[in-house]
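Worksheet for the structure shown next.
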Amino acid sequence: MIKKMKGTEDILPVAIKKWQFVEDTARDILDSYLFKEIRTPMFESIDLFSRSVGETSDIVTKEMYDFKDKGDRHIALRPEGTAPVVRAYVEHKLFGPEHPQPLKVYYMGPMFRYERPQAGRQRQFNQFGVEVIGSTSALTDAECISLAWDLFTELGIGNLVVYLNSLGKTEDRKRYRQALIDFFEPVKDQLSEDSQRRLYSNPLRILDSKDPKDKEFVKNAPIITEFLSPESKAHFDKVTRLLEDLEIPFKVDPYIVRGLDYYQDTIFEIVVEDDSIGAQSTVCGGGRYDGLVEQLGGPNAPGFGFAIGLERLMLLLDEQAIELPIEDELDIYVMALGESVDCYAFKLVQAARKVGLSAEMDYLGRSMKSQFKTVSKLKTKLLLTVGEDELNANVVQLKNQDTGKQTTIAMKDILDDFMKVYRQNTMDTKVIDEFFKGE
Ligand code: ATP
Ligand code: MG
């Protein structure tokens, strides 16, 4: 038997409503923020990622799904969403005057990284992310962070906190980089192997090392805050002020650096405060990337974006036992008593679907007893029953599954106005009785 590839998951029909609910909730929020969807290809030239995400990043050095296609092109399955969006922005000149500025887009879909699979870490996983291109305003930073926060809040996910830092501009980073090298160089031999390797290529990454030995040194390492230019400092102060106004709980953490090379100024992560979903506690990460568009051949346009890991978000929903208000009732079930009436029943099912009601019947010639089981399993509101007698008299038996009230209705009346019949027969009479008693 052929099985799914390591690090991939099937999202089965039993789980899909939950995914769709989360996606719909996100789309509702995005609509209110005026973000539009963008769909870029799943694969791109590998150069796009090595040039943007960075030659020294984990993604490019270890995690890329890359291959040569039959035309000898070096291709990568996209590991992240920002570079493809920026490529599309440059390629289609979305900075032109006919496009709203800044550009505000979102994407939802699979990303691919060759990693060691574990809970909340897959090789194909789904991200929901946004990008704003063309605004340097701190309002944009706050707008994006607040959008991500709104999604978690709307879904009822709690116990989260925003970690915030500023990486400054390239010049600030350069000076900070040197300060870190100067600091770690004398103790180089005592650092973890990874950190020794990164000392000259990407010393900032030593700061988010998980190694306990490294952590001891990191505690006393210089912090970026002292290297920020007055402009970067003012920008960051405004972001924190805006978040305070919005009452979004955040902590400034000078040691978060993020894995991708292109970030500058504001960066943030949204993290679960306990270890309820294991080591993979970061559900959202993002920040500002003012040099990236130019680096990929576009104009000098600033950018801000984030990505949420949807599998981790799903784990959180389970872990926090959140019941999503998912509608899973069936409006109409048509029970056919015998094969001779199945066409008659099918006509009713299709008529119901045509007016927008959900409707189902049996396709396997099941007994009445087993059809009744289906009726209750599907949480049916209105049960329609047809047998030979009903067929001959051109009527249908109708039963409200909540109240047990039964009636017989002419087939013609149903086909004339199915919705009216449905409404008249699913009104909970108990509620109406209570109402008149109160009068
Ligand atoms: P991590 O440190 O956990 O590897 P990252 O910094 O590589 O995360 P980003 O590139 O910032 O992650 O991606 C944004 C979000 O996407 C992460 O916060 C996480 O929720 C999710 N994510 C990243 N990699 C994976 C993966 N392999 N499987 C599932 N979700 C992932
Ligand atoms: Mg990673």
Side-chain angles (χ1 to χ4, degrees), residues 4-9 11 19 22 26 48-49 52-54 56-65 76-86 106-131 144-145 147-149 151-152 155 157 160-165 167 194 198 202 204-211 253 255-263 266-273 275-289 292 303-319:
K4 65 183 162 58
M5 298 292 290
K6 190 174 171 185
T8 66
E9 287 297 337
I11 301 172
W19 280 83
V22 169
L48 175 65
F49 301 107
S52 56
V53 176
T56 61
S57 65
D58 282 353
I59 289 182
V60 170
T61 54
K62 299 189 247 175
E63 298 170 0
M64 204 82 98
Y65 266 97
L77 300 184
R78 62 179 191 192
E80 59 102 46
T82 303
V85 168
V86 171
Y106 73 92
Y107 57 83
M108 266 186 234
M111 302 295 162
F112 307 85
R113 296 184 193 177
Y114 195 80
E115 300 200 65
R116 198 168 64 78
Q118 48 200 296
R121 192 174 292 284
Q122 294 172 194
R123 291 182 173 176
Q124 176 174 335
F125 61 101
N126 288 282
Q127 278 186 344
F128 152 54
V130 311
E131 312 293 344
C144 290
I145 295 171
L147 196 165
W149 189 258
L151 177 62
F152 292 112
L155 292 171
I157 298 174
L160 297 175
V161 67
V162 178
Y163 282 94
L164 207 61
N165 191 19
L167 295 177
D194 267 348
R198 283 170 176 151
N202 198 347
L204 270 74
R205 291 302 308 279
I206 300 177
L207 300 178
D208 71 355
S209 164
K210 310 273 185 303
D211 187 292
D253 178 349
Y255 293 123
I256 63 162
V257 296
R258 315 263 325 115
L260 319 179
D261 275 6
Y262 50 59
Y263 285 117
T266 319
I267 53 169
F268 78 104
E269 289 182 353
I270 300 182
V271 179
V272 195
E273 290 241 72
D275 55 2
S276 56
I277 55 167
Q280 273 58 53
S281 59
T282 307
V283 285
C284 174
R288 182 163 275 289
Y289 49 86
L292 183 62
F304 192 98
F306 69 71
I308 290 175
L310 289 175
E311 279 77 9
R312 290 186 199 176
L313 188 157
M314 295 296 166
L315 283 174
L316 267 181
L317 287 173
D318 288 345
E319 201 49 53

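First listed ligand is number 1; within each ligand, the first listed atom is number 1. In what follows, residues are counted from 1 in the order of the sequence shown.
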Subject >> Closest to atom 16 (O) of ligand 1 (judged by heavy-atom distance), picking from R312, Q118, Q127, E269 >> reply: Q127
Original post:
Looking only at distance, does E115 have an N or O less than 3.5 Å from an N or O of ligand 1?
Top reply: yes
**OP:** Could you name the option among F112, Y263, F125 that has the heavy atom nearest to atom 26 (C) of ligand 1?
**Re:** F125
Original post:
For atom 23 (C) of ligand 1, which of E9, R113, E311 has the closest heavy atom?
Top reply: R113
Original post:
Is the shortest heavy-atom distance from the side chain of D208 to the side chain of I256 under 4.5 Å?
Top reply: no
Original post:
Does atom NZ of K6 have more than 12 heavy-atom neighbours, drawn from other residues, nucleotides or ligands, at distances under 6.0 Å?
Top reply: no
Original post:
Any side-chain heavy atom of F128 within less than 4.5 Å of one from L151?
Top reply: yes
Original post:
Would you call the rings of F268 and F304 parallel, tilted or perpendicular, where under 30° means parallel and over 60° means perpendicular?
Top reply: parallel
Subject >> Heavy-atom proximity to atom 1 (P) of ligand 1, best of M111, R121, K210 >> reply: R121
**OP:** Considering the heavy atoms of V283, write down every atom of ligand 1 situated less than 4.0 Å from one of them.
**Re:** 18 (O), 20 (O)
**OP:** Check ligand 1 against R258 and write out every atom of the ligand that is under 4.0 Å from a heavy-atom position of the residue.
**Re:** 6 (O), 9 (P), 11 (O)
Original post:
Should the heavy atoms of other residues, nucleotides or ligands under 6.0 Å from OH of Y114 be counted, would the total exceed 12?
Top reply: no
Original post:
For ligand 1, which atoms, with element, lie under 4.0 Å from some heavy atom of G120?
Top reply: 28 (N), 29 (C), 30 (N)
Subject >> Distance-only side-chain donor-acceptor flag, Y65 / Q124, under 3.5 Å >> reply: no
**OP:** May I ask you to identify, for E80, whether its side chain, its backbone, both or neither come under 4.0 Å of ligand 1 on a heavy-atom basis?
**Re:** neither
**OP:** Without swapping roles, check the side chain of N126 against the backbone of L310 for a donor-acceptor pair under 3.5 Å.
**Re:** no
